[in-house]
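Chain naming here is simple, since letters A, B, ... match the order of the sequence lines and numbering starts at 1 in each.
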Amino acid sequence: MSSTEHNSKRYPFCDFEPRWQEYWLRSGAFRAKNPGESGFDPSAKKRYILDMFPYPSGNGLHVGHLVGYTATDILSRYYRLRGENVLHPMGWDAFGLPAEQYAIKTGQHPRVTTEKNITRFREQLQLLGFSYDWEREVNTTDPHYFRWTQWIFLQLYHAWYNPVTCKIEPISSYQGKEPDHVRLAYVANTPVNWCPALGTVLANEEVLNGKSEVGGFSVERRPMRQWMFRITALADRLLHDLEGLDWPESIKQLQRNWIGRSQGAEVIFSLQNQPEKTITVYTTRADTLYGATYLVLAPEHPLLEELDLSPDVRKALNDYRNGCNAKSDLERTDLAKTKTGISLGLDCINPINKELIPIWVADYVLMNYGTGAIMAVPAHDERDYEFARTFSLPISPVIKTTPSLSLPFNATDGEAINSPLINGLNAIDAKIKIISWLEANGMGRTCIQYKLRDWLFSRQRYWGEPFPIIWEKGAHRALSESELPVEPPEMEDFKPTGTAEPPLAKAHEWVRYSHQATRELNTMPQWAGSCWYYLRFCDPKNQEAFVGKEVQEYWREVDLYVGGTEHAVLHLLYARFWHKALFDLGHVCTAEPFQRLVNQGMILGPDGQKMSKSRGNVISPDEVIRQYGADALRLFEMFMGPLEHSKPWSITGVEGIYRFLGRVWRLILSETPENIFQVNANIMEQPLTGAQRRVVHSTIKKITCDIEALSFNTAISQMMIFVNEFATATPTPLEAVQTLLQLLSPFAPHLAEELWVYLAEKFPSVRALGSLASESSWPTWNEEYLLFEEITYVVQVNGKIRTRLTLPSTTSQEKVEQAALHNPSVAPHLEHKKIQKVIVVPGRLVNIVLKS
RNA sequence: GCCGAUGUGGCGAAAUGGCAGACGCAAGGGACUUAAAAUCCCUUUCCGCGAAAGUGGAGUGUGGGUUCGAGUCCCACCAUCGGCACCA
């Protein structure tokens, strides 16, 4: 190749990068072999390395998406060089709202735009030389894929949670009369998050501060008939099994908070004069029962319909409830500062002391947590305190105060007072005593509550998986497996209907399943496809099962899962739930899907702000690759800093990495006057000097350890040190450069592959290691070669460095100490002082401590 | 308010309790060149003293503590970011 052709380039990446990408693709270099396939090696360790698959948006990828993908690619290539069987697939989470909304705007069918976007995403990923096994590519919108999404839905529909075995079991093991009441997938008519702007309902997890997570539209609560998943049945296992996972503590904590387990008690209060009517409250502070001075019901509490109220109160109540209904969730929380409520003019009886306390209705009590009713202890609860002050209700302390505490305090270690049964006890013992009293008297029991709600699983959309469900005479019925997949109808107009009715209602022919039965009109949420895609990757072409049994037992769980924090409680919780259900039903062999999770940090724009189209600071990989090549982009993404950190993009940083790769190129090749590249005449098959051998072996060690610790930035630093070291070495030992290429090949695979071929052509010894860098093996180091003959000790007096001392590494500690004490730069600092002690850290330093 | 993460040069960062700032960027100076690009070399935490080689001191968000020795461990606080938020 002529250098004029690439005269602005430091090395001809635009020639060899596409060439290697094409070669890898064509030769199937990164195919992972399944058990039973020819070439499958049962002795090789399996390793499943997974990226969170992307939603193929119309904008293409930006450089921030590539951080995680590059990291997993380096690991995959590294483990392959170590002889492991690496599963590293990629696919598309392609159902979803943006495609549908774009379709509505432009009239293009979402299938068309999705197909186009996927093509673009795939091209972009291939431009980076990622070593995905593309034969395993999956697409959630492909009928061959969502057939199995629907199939899994049917397994969950035909299952229930058996509270005796604490397991999910086929519905056939249910002995009761109402299987529809216990199914894991069930229909409920409950208040849901309805988003008028999106024309659909949303899961709790998709609503932030009363706004939709997608688009930020306001969300209101209204009762609708919807499909739900009984995820709360597994709340305890979802919580408990976090312990065994190698996930960032912060993500585990996020899930724990979301599940929100709390242990407390239900206490039964009966109404004065209507003893047959009772109110059950939930409290975590049973020890403060004596301090309850009133009781509060949520405005939606069903008991309110049954109570005998004076006409005035009934009217006031209705007004108040209407007022609450009109408020969105956002308003209800915004107005948190001032408490509102009305008194019912009724009293109930505190079971512990038979005192009469008034019943109030207030919207600071939520119907969807606990029992929708609380006992208010204003002395020791901020909210109750505020409410009591607003309405001049009595406040009676039942925990001993100290000078540092003022009302309301909720001390958990305080001593109970004014509470005859438990006076003097601490909170823990007091709780136990109160609860056992309540249980003994039939007035309450211990109880566990979760913040986690059941998962709202249906959406009023077109571009999603239809449910494999039909309705007949008001009852739902599952389709049989042989009727899968249920494909969405071809429709011209899939705009929201403007009512709660899903767009599929407009496909009149499709809707009619039979003379008597109609199809379910809702579709599944985007999470459905991503709940199990990691299983399909193991066996993507299987026509008989969602994943083959033997294959699943081989690949098991994902060993390393890399993605962003934004999925901390959505995808990661939902997928764990499906996985556990499949586990209980015997379809998978592990209780958890993702053993190790790593969150890559965000790449910010060059301005330090989050990359976004509106800020105009989005960096596209295409332009970077055009100027500097894929290897430079890959290497820079990893060199920027720790994988988990967010950091701003810097084009001069890419420049620096590009220079480094140019140095590697010139270390190995030189250009003839005829503009031909050939192996540098300096490179010779000759032994390393002791010092060189130390550099080579310490580099192997550092890079190996750093890759395993995911510290790619320091691994790259070490390569730079290595290159700086050998740049001036004449002659250059072949072993050094060949090792460098092996170490570099997971990071900058194109360049390493290209240079390896040059070396292999010239030197048979290189050829013998592998005709390609990617076909050689990962180098190993020898600890013996890392030792120095001489060691430089730092000599400190009272912790301050006074001199350095170079001694043979065999020098004994006593000799080192003596040498330090008698050193001419040290001696003046010791004059007229008494030495208290001398600390010698072997191989490192001497600290002389003087008496003060 | 609660929970979690992070705080080190001009910037990205590095440092099993043992030489703070490796590696890279940027900046400045030099070499090569008619010139530029590219490449190579040197300097660059701050404050003193020195013509210079040097040399003295301070320094990892703030204040305490443990230790011969702390960026690293402990306590308190501050700031930034992320999550949750009337969850009884």
Practice item. With heavy atoms under 4.0 Å as the rule, sort A/Arg802 into base, sugar-phosphate or nothing. Key: sugar-phosphate
**Study point:** Euclidean distance, atom CD of residue A/Glu725 to atom P of B/C23 [Å, nearest integer]
**Key:** 11 Å
Check your understanding: Quick one: is B/C68 close enough that its OP1 or OP2 comes under 4.0 Å of any side-chain N or O from A/Lys837?
Key -> yes
Exercise for review: Over 60° means perpendicular and under 30° means parallel, so classify the ring planes of A/Tyr11 and A/Phe13, tilted if in between.
Suggested key: perpendicular
Check your understanding: When you compare B/A38 with B/A31, how far apart are their C1' atoms, in angstrom units rounded to a whole number?
Key -> 14 Å
Point to revise | side-chain contact (heavy atoms from CB on, under 4.5 Å) between A/Leu744 and A/Val664, intermediate numbers included | key: CA-CA 10 Å; A/Leu744 187 61; A/Val664 174; 4.0 Å; yes
Review point. What distance, rounded to whole Å, do you find between the two C1' atoms, one in B/A14 and one in B/C23?
Key: 8 Å
Review point. For A/Pro642, which contact category applies under a 4.0 Å heavy-atom criterion: base, sugar-phosphate, or nothing?
Key: sugar-phosphate
Point to revise | A/Phe387 ring center near A/Tyr364 ring center (under 6.0 Å) | key: yes
Review point. What does A/Arg659 touch in the nucleic acid at a heavy-atom separation under 4.0 angstrom: a base, only the sugar-phosphate, or nothing?
Key: sugar-phosphate
**Study point:** For atom CG of A/Asp363 and atom P of B/A88, their distance in whole Å
**Key:** 18 Å
Exercise for review: Using the C1' atoms only, state how far B/G50 lies from B/G56, rounded to an integer number of Å.
Suggested key: 11 Å
Practice item. Describe the nucleic acid contact of A/Gly656 in one word from base, sugar-phosphate, nothing, applying a heavy-atom distance below 4.0 Å. Key: sugar-phosphate
Point to revise | C1' gap between B/C84 and B/A76, integer Å | key: 25 Å
Check your understanding: Which part of the nucleic acid, if any, lies within reach of A/Asp384 when heavy atoms closer than 4.0 Å are counted: base, sugar-phosphate only, or nothing?
Key -> nothing
Review point. Within 45° of the ring axis of A/Tyr793 and under 6.0 Å from its six-membered ring centre, is that where the NZ or CZ of A/Arg844 lies?
Key: no
Point to revise | B/G17 to B/U6 separation - P atoms, rounded to the nearest Å | key: 16 Å
Practice item. Would you indicate, yes or no, if B/A88 has its OP1 or OP2 atom less than 4.0 angstrom from a side-chain nitrogen or oxygen of A/Asn410? Key: no
Review point. Taking O4'-C1'-N9-C4 for purines and O4'-C1'-N1-C2 for pyrimidines, is B/G9 syn (within 90° of 0) or anti?
Key: syn
Review point. Separation of A/Gln255 atom CD from B/G83 atom P, in whole Å?
Key: 16 Å
Point to revise | Rounded distance in Å between the P positions of B/G10 and B/U60 | key: 14 Å
Check your understanding: Is A/Arg666 salt-bridged to A/Glu671, cutoff N-O under 4.0 Å?
Key -> no
Exercise for review: Give A/Thr284 one of three labels, base, sugar-phosphate or nothing, depending on what nucleic acid heavy atoms sit under 4.0 Å from its own.
Suggested key: sugar-phosphate
Point to revise | Euclidean distance for C1', B/C40 against B/G61 (whole angstrom) | key: 40 Å
Exercise for review: Find the distance A/Leu845:CG to B/G18:C1' and express it as a whole number of Å.
Suggested key: 5 Å
Review point. Phosphate oxygens OP1/OP2 of B/A37: is one of them under 4.0 Å from a side-chain N or O of A/Arg10?
Key: no
Point to revise | Short side-chain N/O contact from A/Tyr369 to OP1 or OP2 of B/A88, under 4.0 Å | key: yes
Check your understanding: In terms of side-chain heavy atoms, does A/Tyr658 have a donor or acceptor partner in A/Asp631 at a distance below 3.5 Å?
Key -> no
Review point. Across the strands shown, which category fits A/Ile839 at heavy-atom distances under 4.0 angstrom: base, sugar-phosphate, nothing?
Key: base
Review point. Distance between the P atoms of B/U72 and B/G64, in whole angstroms?
Key: 14 Å
Review point. Between A/Val794 and A/Arg663, who's closer to the 5' end of RNA chain B by nearest nucleotide?
Key: A/Val794
Review point. Does A/Arg844 get its side chain close enough to the base of B/C19, under 3.5 Å, for a donor-acceptor pair?
Key: no
Point to revise | Rounded distance (Å) that lies between atom P of B/G24 and atom CZ of A/Phe722 | key: 15 Å
Check your understanding: Does a distance-only test, which skips hydrogens and angles, find a donor-acceptor pair under 3.5 Å between the side chain of A/Lys339 and the base of B/C86?
Key -> yes
Review point. Within the structure shown, what part of the strands sits under 4.0 Å from A/Asn724 by heavy-atom distance: base, sugar-phosphate, or nothing?
Key: sugar-phosphate
Exercise for review: Could you check whether A/Gln796 gets within reach of a base, just the sugar-phosphate, or nothing at all, counting any heavy atom under 4.0 Å?
Suggested key: base
Point to revise | Distance test, side-chain N/O of A/Asn257 to OP1/OP2 of B/G4, below 4.0 Å | key: no
**Study point:** Side-chain N or O of A/Arg666 closer than 4.0 Å to phosphate OP1/OP2 of B/C40
**Key:** yes
Exercise for review: Quick one: stems involving RNA chain B, counted as three or more successive Watson-Crick or G-U pairs, both distances short of 3.5 Å.
Suggested key: B:1-7 with B:78-84, B:10-12 with B:23-25, B:27-31 with B:39-43, B:45-49 with B:54-58, B:61-65 with B:73-77
Check your understanding: Just by distance, with hydrogens left out, do A/Thr340 and A/Tyr320 show a side-chain donor and acceptor under 3.5 Å apart?
Key -> yes
Check your understanding: Between B/C81 atom P and A/Gln609 atom CD, what is the distance in whole Å?
Key -> 10 Å
Check your understanding: For A/Ser262 and B/A88, is the shortest distance between a side-chain N/O and OP1 or OP2 below 4.0 Å?
Key -> yes
Exercise for review: Answer with yes or no after comparing the ring centroid distance for A/Phe636 and A/Tyr628 against a 6.0 Å cut-off, counting only values under it.
Suggested key: no
Check your understanding: Tell me: CE of A/Met720 to C1' of B/A22, nearest whole Å?
Key -> 12 Å
**Study point:** Min side-chain heavy-atom separation A/Phe712-A/Glu637 under 4.5 Å
**Key:** no
Practice item. State whether a side-chain donor-acceptor pair under 3.5 Å links A/Thr232 with A/Asp454. Key: yes
Practice item. Let me know the distance between CD of A/Glu249 and P of B/U6, rounded to the nearest Å. Key: 12 Å
